[in-house]
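So the structure is just underneath, and the comments pick up after that.
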Amino acid sequence: MEQEALMKGQGRVNQLGGVFINGRPLPNHIRLKIVELAAQGVRPCVISRQLRVSHGCVSKILQRYQETGSIRPGVIGGSKPRVATPDVEGRIEEYKRENPGVFSWEIRDRLLKVGPLHEGVCERSTVPSVSSISRVLRSSRPSSDQQARSGSDGEEVSVDGEVDGVTRGVGGSAILDVDGMGHEREGKTTTPTKVTIHIFFH
DNA sequence: ATCGTTACGGTTGAA
DNA sequence: GGTTCAACCGTAACG
């Protein structure tokens, strides 16, 4: 593909008379030469002129070599693995908009194809974990002070065991009402009551 | 004269 | 087969 670019006349000439392809890494033999010359004690400015490569590029390749020991360029392109597809992420945010107080595990149930609602889009094997869902929610609503306040109020956490005397399923969740103000949920405002909860951080 | 840094215009490739 | 988009590219220019 590199050869093709040159064939198609994509090769350009820099100020020093050197040939390069815009947006593409320098070929390996030149990168190697840069490192070899530097190892022989040749100064970067001389390498730049001799190989007709911009000094900024010589600097970058030499610095990367010192840091990583590799001649190679960085990994170009691709995308990071997604925990949830954009479709599913959109659905999660939609549920949250409909009902801001909804628990992540409730969203998870609703996403599931099987179950009472039969409206989900996920198989059991592809449904995001509860913590993934709450992370999606956190990052989809990065309202300026959200990060600074993280953990101080209304943060959703995983809960095992009993909540308010009612045994919840393993992996359930609860809203920590740290400020004692209560929270809107299904039209009602929950008022802080004396509860004992056992929280296990995984 | 040298070299660290970065805006710019560009390409790539997994999702 | 096409689109999205955050990763990386080298050059040119500034300090």
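Chain A is the first sequence line, chain B the second, and so forth, proteins listed ahead of strands; every chain is numbered from 1.
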Task: Working for side chain to side chain contact (heavy atoms under 4.5 Å, CB included), residues A:I133 and A:L111 - done: CA-CA 11 Å; A:I133 290 170; A:L111 287 170; 4.1 Å; yes
Open item on the list: Here's a test of your reading of the structure: between A:R49 and A:N22, which maps to the more 5' nucleotide of DNA chain B?
Closed with: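 The residue whose closest nucleotide sits nearer the 5' end is A:R49.
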Task: First of A:R82 and A:G23 reached from the 5' end of DNA chain B, by closest nucleotide - done: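 Nearest-nucleotide comparison on DNA chain B picks A:G23.
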Open item on the list: Under the side chain to side chain donor-acceptor pair (under 3.5 Å) definition, can you give me all pairs with a residue in residues 71-83 of chain A, not counting sequence neighbours?
Closed with: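 Of all non-adjacent pairs touching residues 71-83 of chain A, those that pass side chain to side chain donor-acceptor pair (under 3.5 Å) are A:R82-A:E89.
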Open item on the list: Per the side chain to side chain donor-acceptor pair (under 3.5 Å) rule, what does the pair list look like for residues 31-46 of chain A, sequence neighbours excluded?
Closed with: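 Of all non-adjacent pairs touching residues 31-46 of chain A, none passes side chain to side chain donor-acceptor pair (under 3.5 Å).
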Open item on the list: Counting the atoms with a prime plus P, OP1 and OP2 as sugar-phosphate, which does A:R72 contact under 4.0 Å by heavy atoms, base, sugar-phosphate, or nothing?
Closed with: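 Contact class for A:R72: none.
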Open item on the list: Need one value for A:V75: base, sugar-phosphate or nothing, where a base atom within 4.0 Å counts as base even if backbone is also close, heavy atoms only.
Closed with: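 Sugar-phosphate, no base atom in range.
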Task: Nearest-angstrom distance from the residue atom CG of A:L16 to P of B:dA1 - done: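 For the pair A:L16 CG and B:dA1 P, the rounded distance is 14 Å.
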Open item on the list: Using whole Å, what does the distance between atom C1' of nucleotide B:dT2 and atom CG of A:L62 come to?
Closed with: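 Result: 14 Å.
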Taking all atoms of both residues into account, what is the closest heavy-atom pair of [X] and [Y], and its distance?
X      : Y      : result
A:S131 : A:S134 : O-OG, 3.0 Å
A:C122 : A:V88  : SG-CG2, 3.7 Å
A:L62  : A:P44  : CD2-CG, 4.4 Å
A:V102 : A:K96  : O-NZ, 3.5 Å

Task: 5' to 3' contact window, DNA chain C with chain A (heavy-atom distance under 4.0 Å) - done: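 Listed 5' to 3', the contact boundaries are C:dA7 to C:dA13.
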- [ ] May I have the step-by-step check of side chain to side chain contact (heavy atoms under 4.5 Å, CB included) for A:V136 and A:E93, ending in yes or no?
- [x] CA-CA 8 Å; A:V136 167; A:E93 287 158 24; 4.1 Å; yes
Task: Side-chain touch A:L137/A:I107, heavy atoms, less than 4.5 angstrom - done: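 Result yes, sub-4.5 Å side-chain heavy-atom pair found.
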What protein N or O atoms touch nucleotides 3-7 of chain B N or O atoms at under 3.5 angstrom, if any, and at what distances?
unit_1, atom_1, unit_2, atom_2, d
B:dC3, OP2, A:C45, N, 2.9
B:dG4, OP2, A:S59, OG, 2.8
B:dG4, N7, A:H55, NE2, 3.2
B:dG4, O6, A:H55, NE2, 2.7

Task: Contiguous Watson-Crick or G-U pair runs (3 or more, under 3.5 Å) in DNA chain C - done: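 DNA chain C forms these stems: B:3-15 with C:3-15.
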Open item on the list: Please determine whether residues A:I30 and A:V42 belong to a single hydrophobic cluster, defined as Ile, Leu, Val, Met, Phe, Trp and Tyr linked transitively by side-chain heavy-atom distances below 4.5 Å.
Closed with: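 Yes, it is one cluster - the side chains of A:I30 and A:V42 are joined through contacts under 4.5 Å.
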Between side-chain atoms of residues 49-59 of chain A and protein atoms elsewhere (two or more places apart, or another chain), which donor-acceptor pairs fall under 3.5 Å?
unit_1, atom_1, unit_2, atom_2, d
A:R52, NH1, A:L16, O, 2.7
A:S54, OG, A:C57, N, 3.4

